[in-house]
Visitor: 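Sharing a structure here in structure tokens format.
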Amino acid sequence: ILKMSNKLKLVVDKKEFHGNSRPVIYVASHGFKDDVLNTVLTVKDNVYIVFGNIDLFFNTIDGLFLWLYGCQLVDRYDKTSRNAMKKKMDRVLKIGGNLVIFAEGTWNLSPNKLMENLHWGFYDVGRENNALIVPVVTHKVGNKCYSQVLNGVELNKLNQTDIVNILYIIKKYYNRALEICDDKNIYNVIINLKGIIDSNNISLITKKLLNNYC
């Protein structure tokens with residue numbers, strides 16, 4: 001039924017993660033109305049959706065289907081509700097369920113911003129439950145949605161070597177981005193990011209990335 005209701009043609013470009021026996025938190029990008037639906041169709045997993053749009057949940061047919069499918073409702077504008085969501089997420093993982101969360105909390109509609117600030121509750125819950133964090137990316141072009149599911153991230157096993165490898169990948173992508181970018185504002189954002197990464201100061205890089213780009 002979900003697939004039939006999709007208004008976009010879904011194209012899964014890459015799927016590196018194919019499931020395992022451990023708890024999983026899918027952390028998805030958030031940029032357009034149907035990205036929730038296309039994220040669920042991309043992962044092809046039974047997941048509880050962490051959902052923060054109260055008006056959409058209670059006043060639309062989409063809300064009914066969210067309830068039927070399974071979701072954990074949070075008021076993203078209320079600190080008490082956001083804190084309570086951690087306990088809900090923890091319970092889902094402990095009873096053997098998986099989660100999908102749109103950690104930016106709102107649509108990222110700016111072409112000049114890589115990401116909105118993340119809500120970091122998934123990190124705390126993931127570490128406590130030894131869960132894999134699996135990134136999911138969706139991007140809309142016309143009537144198509146392109147998506148990718150990347151490999152799971154081991155929160156409890158990240159070390160300096162992992163960080164260096166991540167930085168190597170970032171360097172590869174920002175160098176390519178600088179070659180093809182024709183927007184001055186985006187170009188300046190990438191140049192700032194390049195300066196931080198090229199400093200090779202791991203503690204500074206981690207702090208700057210978390211504060212300015214995540």
Side-chain angles (χ1 to χ4, degrees), residues 8-17 25-39 42-43 50 52-53 76-77 79 82 100-124 126 133-155 158-214:
L8 302 174
K9 180 180 179 180
L10 178 61
V11 180
V12 181
D13 284 330
K14 180 187 297 183
K15 194 162 187 180
E16 298 176 340
F17 178 76
I25 302 176
Y26 296 96
V27 179
S29 60
H30 201 24
F32 57 96
K33 179 180 182 297
D34 295 312
D35 58 3
V36 175
L37 171 60
N38 282 278
T39 295
T42 296
V43 301
V50 178
N53 191 324
R76 58 190 173 185
Y77 300 114
K79 185 176 181 180
R82 293 198 305 269
V100 60
I101 183 169
F102 300 82
E104 291 170 282
T106 186
W107 290 351
N108 179 9
L109 300 177
S110 172
N112 302 325
K113 194 167 188 180
L114 298 177
M115 296 177 66
E116 296 289 347
N117 293 328
L118 296 184
H119 295 281
W120 286 98
F122 74 88
Y123 178 83
D124 298 327
I133 302 299
V134 178
V136 184
V137 182
T138 54
H139 179 60
K140 180 183 175 184
V141 180
N143 65 346
K144 292 183 179 180
C145 173
Y146 297 91
S147 65
Q148 295 186 356
V149 182
L150 306 182
N151 276 327
V153 177
E154 295 268 6
L155 295 182
L158 281 178
N159 54 41
Q160 185 163 328
T161 301
D162 295 318
I163 295 173
V164 170
N165 290 335
I166 291 169
L167 296 180
Y168 172 78
I169 295 171
I170 293 176
K171 287 181 181 181
K172 181 176 68 172
Y173 281 108
Y174 71 53
N175 284 329
R176 176 58 179 151
L178 289 173
E179 291 176 6
I180 64 175
C181 181
D182 58 2
D183 184 292
K184 183 177 180 180
N185 291 326
I186 298 177
Y187 188 89
N188 289 335
V189 170
I190 300 171
I191 286 293
N192 289 335
L193 176 61
K194 184 178 186 299
I196 295 170
I197 301 299
D198 288 349
S199 72
N200 290 318
N201 183 327
I202 297 299
S203 61
L204 173 65
I205 289 169
T206 304
K207 181 179 179 180
K208 288 285 188 179
L209 288 179
L210 291 179
N211 290 340
N212 299 330
Y213 290 94
C214 294

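Source: prediction; values computed, not measured.
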Visitor: Rounded to the nearest 0.5 Å, what's the gap from CD1 on Ile180 to OH on Tyr187? Could you check?
Guide: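 The OH atom of Tyr187 is 12.5 Å from CD1 of Ile180, to the nearest 0.5 Å.
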
Visitor: Nearest 0.5 Å, please: how far is NZ in Lys14 from CG in Asn151?
Guide: 9.0 Å

Visitor: Against Thr42, only a single residue in Val100, Val137, Val12, Val11 fulfils side-chain contact (heavy atoms from CB on, under 4.5 Å); can you say which?
Guide: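 Testing Thr42 for a side-chain contact (heavy atoms from CB on, under 4.5 Å) against Val100, Val137, Val12, Val11 leaves exactly one candidate, Val12.
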
Visitor: Closer than 3.5 angstrom, by distance alone: can the side chain of Ser29 be matched with the main-chain N or O of Thr138 as a donor-acceptor pair?
Guide: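 Confirmed, Ser29 side chain pairs with Thr138 backbone.
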
Visitor: Would you name the heavy atoms of His30 and Glu104 that are closest together and state the gap between them?
Guide: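 Residues His30 and Glu104, closest heavy atoms: N-OE1, 3.1 Å.
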
Visitor: Knowing that exactly one of Lys144, Lys140, Lys33 qualifies, which makes a side-chain contact (heavy atoms from CB on, under 4.5 Å) with Leu8?
Guide: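 When side-chain contact (heavy atoms from CB on, under 4.5 Å) is applied between Leu8 and each of Lys144, Lys140, Lys33, only Lys140 qualifies.
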
Visitor: Answer yes or no: does atom NZ of Lys15 have more than 12 heavy-atom neighbours from other residues, nucleotides or ligands under 6.0 Å?
Guide: yes

Visitor: Looking at side-chain heavy atoms only, is the closest gap between Asn175 and Lys194 below 4.5 Å?
Guide: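 The answer is yes, as the side chains (C-beta and beyond) meet within the 4.5 Å cut-off.
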
Visitor: Determine the minimum heavy-atom distance between Ala28 and Thr39, stating which atoms define it.
Guide: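 For Ala28 versus Thr39, the nearest heavy atoms are CB-CG2, 3.8 Å.
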
Visitor: With side-chain contact (heavy atoms from CB on, under 4.5 Å) as the test, pick out the partner of Cys145 among Asn38, Leu37, Asp35.
Guide: Asn38

Visitor: Using 30° and 60° as the class limits, which term best fits the ring planes of Tyr26 and Phe17: parallel, tilted or perpendicular?
Guide: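 Perpendicular, since the angle between the ring planes exceeds 60°.
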
Visitor: Evaluate the side-chain contact (heavy atoms from CB on, under 4.5 Å) criterion for residues Glu16 and Val134: first the C-alpha distance (whole Å), next the side-chain angles of each, then the deciding distance (0.1 Å), finally the verdict.
Guide: CA-CA 10 Å; Glu16 298 176 340; Val134 178; over 6 Å; no

Visitor: What is the distance from atom CD1 of Ile190 to atom CZ of Arg176, rounded to the nearest 0.5 Å?
Guide: 11.5 Å

Visitor: Go through it in stages, so that I can follow the logic: the residues are Phe122 and Val50, the test is side-chain contact (heavy atoms from CB on, under 4.5 Å), and I'd like the CA-CA distance, side-chain angles, deciding distance and then a yes or no.
Guide: CA-CA 10 Å; Phe122 74 88; Val50 178; over 6 Å; no

